[in-house]
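In what follows, a single structure is set out as structure tokens and then discussed.
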Amino acid sequence: MDDRDPSMPVYGIAVAAQLSGVPEASLRLFEAKGLVTPARSDGGTRRYSDDDLARVRRVTGLRVEGINIVGIRRVLDLEDENAGLRDELADERP
């Protein structure tokens with residue numbers, strides 16, 4: 001059983017590209033457009049987490065559905081906002 005924290009950045013861009021099936025250039029584009037924000041090592045190397053890879057898969061799924069980059073950004077922003085609101089509501093419940 002793997003107890004690793006899914007938010008822990010462990011994969012370099014080459015491994016992330018292989019695991020996600022997305023070219024490295026697309027990962028860089030997604031970062032430039034604010035769709036994914038990988039952590040950086042002290043030397044500036046991108047480090048992707050399992051959560052980042054899940055987000056990349058979400059982005060590619062939305063692209064397959066025909067949504068452009070701006071639309072994807074809006075969808076992700078709304079999903080993030082919704083998740084935050086759900087967390088706040090859960091924290092307020094007894």
Side-chain angles (χ1 to χ4, degrees):
M1 181 176 210
D2 188 5
D3 292 331
R4 185 178 59 220
D5 179 357
S7 65
M8 181 186 302
V10 293
Y11 308 111
I13 193 167
V15 174
Q18 185 177 25
L19 290 173
S20 66
V22 174
E24 291 178 34
S26 293
L27 292 176
R28 289 184 191 96
L29 173 69
F30 295 168
E31 182 181 7
K33 298 296 183 180
L35 303 177
V36 65
T37 308
R40 296 282 182 154
S41 70
D42 291 339
T45 303
R46 291 172 180 87
R47 292 287 177 210
Y48 292 83
S49 67
D50 290 325
D51 288 343
D52 292 328
L53 295 181
R55 191 168 179 98
V56 167
R57 286 189 285 277
R58 179 70 176 132
V59 169
T60 57
L62 291 169
R63 286 180 75 187
V64 167
E65 291 179 26
I67 301 174
N68 66 23
I69 295 290
V70 174
I72 292 170
R73 173 70 189 259
R74 185 67 180 134
V75 168
L76 294 176
D77 287 348
L78 289 169
E79 288 176 348
D80 291 344
E81 182 180 349
N82 193 13
L85 291 170
R86 273 195 230 120
D87 290 344
E88 284 180 32
L89 185 60
D91 290 345
E92 292 176 5
R93 291 187 181 153

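We number each residue from 1, following the sequence as shown.
Put simply, the side chain of Leu19 does not reach to within 4.5 Å of the side chain of Tyr48, judged on heavy atoms. Using a 4.5 Å cut-off on side-chain heavy atoms (C-beta onward), Asn82 and Arg86 make contact.
Legend: residues meeting side chain to side chain contact (heavy atoms under 4.5 Å, CB included) with Ser49, ordered by chain and number and at least two apart, are Asp51, Asp52. By the salt bridge (Lys or Arg N to Asp or Glu O under 4.0 Å) test, Arg28 pairs with Glu24, sequence neighbours left out.
Taking both residues in full, the closest heavy atoms of Arg73 and Gly34 are given as NH1-CA, 3.6 Å, listed atom of the first, atom of the second, then distance. Counting all heavy atoms, side chain and backbone alike, Arg57 lies closest to Asp50 at NH2-O, 4.4 Å. The shortest heavy-atom contact between Ala16 and Tyr11 is N-CB, 4.2 Å.
Remark: Asn68 CG to Lys33 NZ distance equals 10.5 Å, nearest 0.5 Å. In this structure, CG in Leu76 is found 7.0 Å from CZ in Arg58, a value given to the nearest 0.5 Å. Taken from CD in Glu31 to CG in Leu27, the straight-line distance is 9.0 Å, to the nearest 0.5 Å. Note that CD of Glu65 is 10.0 Å distant from OG1 of Thr60, once rounded to the nearest 0.5 Å. Note that CZ of Arg40 is 11.0 Å distant from CZ of Arg47, once rounded to the nearest 0.5 Å.
Annotation for Glu79: atom CD counts as buried by contact number, over 12 foreign heavy atoms lying within 6.0 Å.
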**Report entry** Residue pair Leu62, Val75: steps toward the side-chain contact (heavy atoms from CB on, under 4.5 Å) verdict
**Finding:** CA-CA 9 Å; Leu62 291 169; Val75 168; 3.8 Å; yes
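Clustering ILVMFWY residues whenever any of their side-chain heavy atoms sit less than 4.5 angstrom apart, transitively, puts Leu29 in a cluster other than the one holding Ile72.
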